[in-house]
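Here is the structure we will look at, set down as structure tokens.
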Amino acid sequence: MTSIISKQSLILTTFSLALTRLSYCSVTYSNIPSIANYFGTKGRYEEVNPYLLNNITLVNKSLLIPTSSEGCKPVHVTAIIRHGTRYPTVKNIKRMQRLYDLVINEASNDETWLEEIKSSWKMWYTDDMDGKLVEKGRDDHRYLAVRLSKLFPSLLSEANLRNHRIRFQTSSKHRCVDSIEAFQQGLHKHWGLEEVWYRHEVNDELMRFFEHCRGFVEAVENNKTALAEVKKFKEGPEMGDVRRKMAQQLNVPYERVTPDMVEAAFFLCAYEFAIKSLHTPWCHLFDLNDAKVLEYKNDLKQFWKRGHGHSINSRSSCVLFHDLFNRLELAVQHLRLGQELPEAVTVQVGHGETLLPLLSLLGLYKDPAPPTADNYSQQHGRSFRTSEIVPYAANMLFILYDCRDGPRVQFLLNETPVRFPGLTSETEVPLYSEVRQKYRELLEGCDAQKECEFGIRPQHRGHHGNTEL
Ligand SMILES: *[C@@H]1O[C@H](CO)[C@@H](O)[C@H](O)[C@H]1NC(C)=O
Ligand SMILES: *[C@@H]1O[C@H](CO)[C@@H](O)[C@H](O)[C@H]1NC(C)=O
Ligand SMILES: *[C@@H]1O[C@H](CO)[C@@H](O)[C@H](O)[C@H]1NC(C)=O
Ligand SMILES: *[C@@H]1O[C@H](CO)[C@@H](O)[C@H](O)[C@H]1NC(C)=O
């Protein structure tokens, strides 16, 4: 077992009612771009769970094991959550600016959407916005907190909040810190609390493990060859078709429309929609097929940089894996002794880059063949689609139940049950002992220090052949 020596700081903020702005409004289905399901990590959470558009606080309690019939009750939840909707980073803002300049100065056609861009759309993104959480992103977390409180009223309860039996940990990035505060606002609002302390611990070793893993940084992050498939696809025939179509629509020479420009236009459509719920004229540049190509390009990047593409990607999350299982183990020991669990709920806020490696380590979303630059046409049915897996506020929930026949564990991704792969048991909610057995190798190994010192050594690949593609 790995012990985590972490720089933790406890930040307390006084609660102010003025900060909360929970309004239970409902958004209509109209005005959604037809390509909204292909925005990858820049997609809205509501595209994954569209019922939330009608009622943002709706929960489906029948997902959980019914308390009475099976003699089960939930006793602990660990929630690992991506930050909410955010502004683009500086790199993408600069690309959007270049695209905007090109369109304003050089594009020409008779279409009304181009006229709209030229006459009424203003480039309002500025460098200082750099990846910060937007108001919609705060709402993502406020309402998620409300839904989880309704799903687990005995765990995310007022008493547990007051008695500090809910622990809050976050990455140090402002978008994550702001998210975890919004989550607590949602809880306070839901329980009608007016004067409570906000609290969270910053822990980057845990929530930004990818930065602290030298093997990963050297072998993948700073290694251009590790992402060769992405580069190849960007220059390949499918992207070429999208560029050509865009150049024709704007009536500018093909060479002026670089792959980065195409992406900037796609992201503009995505950001305007995610941040402001606007269906802007930028979206007219893409049809469904174009969007699928651009989604694939983003999935390729996530697959090779954060997913099953290289074994070190997932193994860099060993520290978070052990953190989770140490907590479950401790909880199970307390159950055995009939004692109250130390933590009812653990809320951990991080990044898409935090969730994807852990999902991969658990063996999820692994398709028979890896996505490559050459096999776009064979990959339409792939399970690894970041639009479905890691939209803003994506969340992994591990629920521990105390049942008559022993503790059980359920896993929900984005509030939907997902089975642990390769378990023999029929039930969606296996015994904890089965889950332990399934991940025995990782529980006994997956030492963050060792994994991260060696990166993707050749012998490593052979040894962990099942995670290396
Ligand atoms: C939303 O769903 C909840 C049930 O989870 C219900 O109590 C509430 O009244 C609904 N709100 C609206 C506006 O329909
Ligand atoms: C709620 O969850 C159950 C069990 O997964 C499912 O069968 C049902 O369709 C869900 N209901 C809604 C409204 O999504
Ligand atoms: C860079 O990535 C390639 C392809 O995965 C790999 O063969 C190579 O060893 C990596 N380089 C370093 C320095 O790890
Ligand atoms: C995908 O392409 C790679 C080569 O780039 C090939 O090895 C693999 O078999 C292909 N997979 C499928 C399903 O086509």
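Note that ligands are numbered from 1 as they come in the structure, with each ligand's atoms numbered from 1 the same way.
- Compare N223, N222, L227 by their heavy atoms: the one nearest to atom 11 (N) of ligand 3 is in N223.
- Under the 6.0 Å distance and 45° angle rule, K42 counts as a cation-pi partner of F267.
- Contact of the H212 side chain with the D204 side chain is registered, since non-hydrogen atoms from C-beta on lie closer than 4.5 Å.
- Taking the six-membered ring for Trp and the full ring otherwise, Y392 and Y45 have centroids separated by 6.0 Å or more.
- Near A219, the atoms of ligand 3 lying under 4.0 angstrom from a non-hydrogen atom of the residue are 1 (C), 2 (O), 14 (O).
- Short contacts between ligand 1 and K150, defined as distances under 4.0 Å to a heavy atom of the residue, involve ligand atoms 3 (C), 4 (C), 5 (O).
- The local environment of NZ in K234 is crowded, with over 12 non-hydrogen atoms from other residues, nucleotides or ligands closer than 6.0 Å.
- Heavy atoms of N55 found under 4.0 angstrom from ligand 1 belong exclusively to the side chain.
- In this structure the side chain of R147 reaches within 4.5 angstrom of the side chain of E415, judged on heavy atoms.
- Cation-pi geometry between R436 and F325 is not met at under 6.0 angstrom from the ring centre and within 45 degrees of the axis.
- From the protein, the heavy atom lying nearest to atom 5 (O) of ligand 2 is L63 CD2, 3.4 Å.
- Ligand-side atoms of ligand 3 in range of T225: 1 (C), 2 (O), 3 (C), range being under 4.0 angstrom from any heavy atom.
- For T57, heavy-atom contacts with ligand 1 shorter than 4.0 Å involve the backbone as well as the side chain.
- Of all atoms in ligand 1, numbered sequentially from 1 with element shown, those under 4.0 Å from a heavy atom of V59 are 5 (O).
- Against a heavy-atom cut-off of under 4.0 Å, H310 is close to the following atoms of ligand 3: 5 (O).
- Nearest to atom 9 (O) of ligand 2 among the protein's heavy atoms is N60 ND2, 4.7 Å.
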- Task: Show your working on ring-ring contact (aromatic ring centres under 6.0 Å, His included) between F216 and F210 and close with a plain yes or no.
- Result: CA-CA 7 Å; F216 168 76; F210 43 90; 7.2 Å; no
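- For F266 and F39, the gap between ring centers is short of 6.0 Å.
- Distance check for atom 7 (O) of ligand 2: every protein heavy atom is found at 4.0 Å or beyond.
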